[in-house]
Number of protein chains: 2
Amino acid sequence: MATGRSHRPATRSRGIPEATVARLPLYLRALTALSERSVPTVSSEELAAAAGVNSAKLRKDFSYLGSYGTRGVGYDVEYLVYQISRELGLTQDWPVVIVGIGNLGAALANYGGFASRGFRVAALLDADPALAGRLVAGLPVRHIDELESIVADNQVSIGVIATPAGAAQEVTDRLVAAGVTSILNFAPTVLTVPDGVDVRKVDLSIELQILAFHEQRKAGEDRQDPDGDVPAVMPA
Amino acid sequence: MATGRSHRPATRSRGIPEATVARLPLYLRALTALSERSVPTVSSEELAAAAGVNSAKLRKDFSYLGSYGTRGVGYDVEYLVYQISRELGLTQDWPVVIVGIGNLGAALANYGGFASRGFRVAALLDADPALAGRLVAGLPVRHIDELESIVADNQVSIGVIATPAGAAQEVTDRLVAAGVTSILNFAPTVLTVPDGVDVRKVDLSIELQILAFHEQRKAGEDRQDPDGDVPAVMPA
DNA sequence: CCATCTTTGTGCACGCGTTCACAAAGACAT
DNA sequence: ATGTCTTTGTGAACGCGTGCACAAAGATGG
């Protein structure tokens, strides 16, 4: 993760546990699919299966939001969609800037999941002057030096970093200085941010390495000793 | 997450906790940076700062691997790089197929973090015949129907899914049937897989929604009551 | 109106992960 | 060799998250 409390120690006020917050988007997606099929109600069992979680966990998660179910029947799909959307803050508009318009940045700009939720791409930024003006996902790429004015003019509070690792910290500093308080970081670096700024990190390489670990474990289950021998290099 | 035990209930044998495994790549990255700067040793305090974690946590994590430090001095950087690499299974070669060569798939194919660790892109696959043969990151895109033979010939055990949501489950089924036992899923869908297959999911939209939640919380801290009023639609 | 049946909401126990705090271990100087 | 000083490795306490299991709530039918 990064410095500067990514999550507050214990969510105060109406205290929804962090683990629950992380699952709400999952439920929301499943519910949206049901809504599109005009399914009026759904039981915790069905919805849990669709979201890939335990039904008891789902009920407990919903209990943090309030008592929105009807015993003997289940949950009203539309009502629940609204409640979760509101809780997540998706009923309002979130302007977002994406910095670094390489393949990844372009993929993010084209991602449909943005607009459907409350997210709106306010601008695409890149340091390469050759990219400036080119259309990506219908939006013109603008030069990184416009960052400050764009963030201020559009009241952007969320920034997405899709730059190379070397540029990530500098971009972060500029975003934060301009007023951004939430950052989604795709660059493989630990970002340092002041208190009050949230950072979430998506790291491809890490995910693969975790898979490799389990894969090795699986492959080694047949053999006697999965770990190798003493390394050639000894500690000082 | 997905069906089919993503993580084993309690890691048996030399039992490295799942949370620790997830941090090992982080340490490895920080250590690699130190190694490139020819730093010989590092203390838990310094390394923890570089990785963005607590130093006590780092020491406990390392204690699961064995006693690789020297009291009063710290850890030997090269030695630790080797040990963690071996533990994660990065000393061997992991052939990977990437399915779905849109912007995201192309970004993944171009991602440098692959080759530097033990990962080798064995093939890029896409269902679009128009893409077939086009070079992406120096590799030719091949048609999805070659999936089975490619997986078999290269003994691929890890698959990366970067297709639209609609195609993800079918691709997963084919990958699993062909012998893949670890899947990294970028499509916004819950995948169902048989036991023994690991799935990890990276979901952009979910990360943004979590940020939005905290952002809303931050914005509402000034006001009296951050949650809105009673919704217009009432439950059945 | 009463009985039955379904499904929610939650009290409780358990296990994992985190953090503190300190004793043991070794380096290094004298 | 002895003492001091640094840093590791870990025992123990705590808190969060998960899942069981059941009582309460309400729908539904007779």
Side-chain angles (χ1 to χ4, degrees), chain A residues 1 5-12 14-24 26-27 31 39-77 79-80 83-84 210 234-236, chain B residues 1 3 5-12 14-24 26-27 31 39-77 79-80 83 210 234-236:
Chain A
M1 201 63 60
R5 60 141 197 206
S6 310
H7 317 291
R8 36 200 65 55
T11 344
R12 304 159 318 156
R14 198 142 35 103
I16 298 178
E18 192 59 32
T20 295
V21 172
R23 280 188 295 268
L24 289 182
L26 226 55
Y27 303 145
L31 284 164
V39 177
T41 61
V42 65
S43 72
S44 64
E45 203 72 48
E46 295 168 311
L47 185 55
V53 303
N54 182 295
S55 73
K57 196 186 296 187
L58 179 142
R59 288 199 298 277
K60 182 149 293 203
D61 283 342
F62 285 176
S63 78
Y64 293 118
L65 308 183
S67 288
Y68 293 151
T70 306
R71 300 178 188 222
V73 176
Y75 298 92
D76 182 275
V77 172
Y79 185 67
L80 209 43
Q83 289 298 340
I84 295 180
I210 295 171
M234 285 298 292
Chain B
M1 200 64 57
T3 325
R5 59 144 196 204
S6 308
H7 317 290
R8 32 199 70 51
T11 342
R12 306 159 317 156
R14 197 141 39 101
I16 298 179
E18 191 60 31
T20 296
V21 172
R23 280 188 295 267
L24 289 182
L26 226 57
Y27 302 145
L31 284 164
V39 177
T41 61
V42 66
S43 72
S44 65
E45 203 71 48
E46 294 167 311
L47 185 53
V53 302
N54 182 296
S55 74
K57 194 187 296 188
L58 178 142
R59 287 198 301 275
K60 180 146 290 200
D61 283 342
F62 285 176
S63 78
Y64 294 119
L65 308 182
S67 288
Y68 293 150
T70 305
R71 299 178 188 222
V73 175
Y75 299 92
D76 183 276
V77 172
Y79 186 66
L80 209 43
Q83 289 298 340
I210 295 171
M234 283 299 290

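In what follows, every chain begins at residue 1, and chains take the letters A, B, ... in the order their sequences are listed.
At a cut-off of 3.5 angstrom, the base of D/dT7 holds no donor-acceptor pair with the side chain of B/Arg71. A donor N or O paired with an acceptor N or O is found under 3.5 Å between the base of D/dG19 and the side-chain atoms of A/Lys60.
In this structure, A/Tyr64 atom OH and C/dT10 atom P are separated by 10 Å, rounded to whole Å. Note: CD (B/Glu45) to P (D/dG9) measures 14 Å, nearest angstrom. Protein atom CG of A/Asp61 is 12 Å distant from nucleotide atom C1' of D/dG19, rounded to whole Å. The interatomic distance linking A/Glu18 (CD) with C/dT18 (C1') rounds to 16 Å, in whole Å.
Nearest to the side chain of B/Asn54, among D/dT18, C/dC20, D/dA27, sits C/dC20. Here the side chain of A/Arg23 is nearest to one of D/dT18, C/dG17, D/dG26, namely D/dT18. Checking C/dT8, C/dT10, D/dG9 against every side-chain atom of A/Ser63, the shortest atom distance belongs to C/dT10. Here the side chain of B/Arg59 is nearest to one of C/dG26, D/dA27, D/dT8, namely D/dT8.
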> Going through the distances and angles, do A/Asp61 and A/Thr20 end up as a side chain to side chain donor-acceptor pair (under 3.5 Å)?
Replying inline: CA-CA 6 Å; A/Asp61 283 342; A/Thr20 295; 2.7 Å; yes
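At a threshold of 4.5 Å between non-hydrogen side-chain atoms, the residues A/Leu65 and A/Ile84 count as touching. Under the 4.5 Å side-chain criterion, counting only non-hydrogen atoms from C-beta, A/Tyr75 is not in contact with A/Leu31.
Residues A/Leu58 and A/Ser44 approach most closely at CD2-CB, 3.7 Å, considering heavy atoms.
For D/dT7, neither phosphate oxygen OP1 nor OP2 lies less than 4.0 angstrom from any side-chain nitrogen or oxygen of B/Ser44. For C/dG26, neither phosphate oxygen OP1 nor OP2 lies less than 4.0 angstrom from any side-chain nitrogen or oxygen of B/Thr70. The phosphate of C/dG9 has OP1 or OP2 within less than 4.0 Å of a side-chain N or O from A/Tyr75.
The nearest heavy atom of DNA chain D to A/Lys57 and to A/Gly72 marks one nucleotide each, and the one closer to the 5' end goes with A/Lys57.
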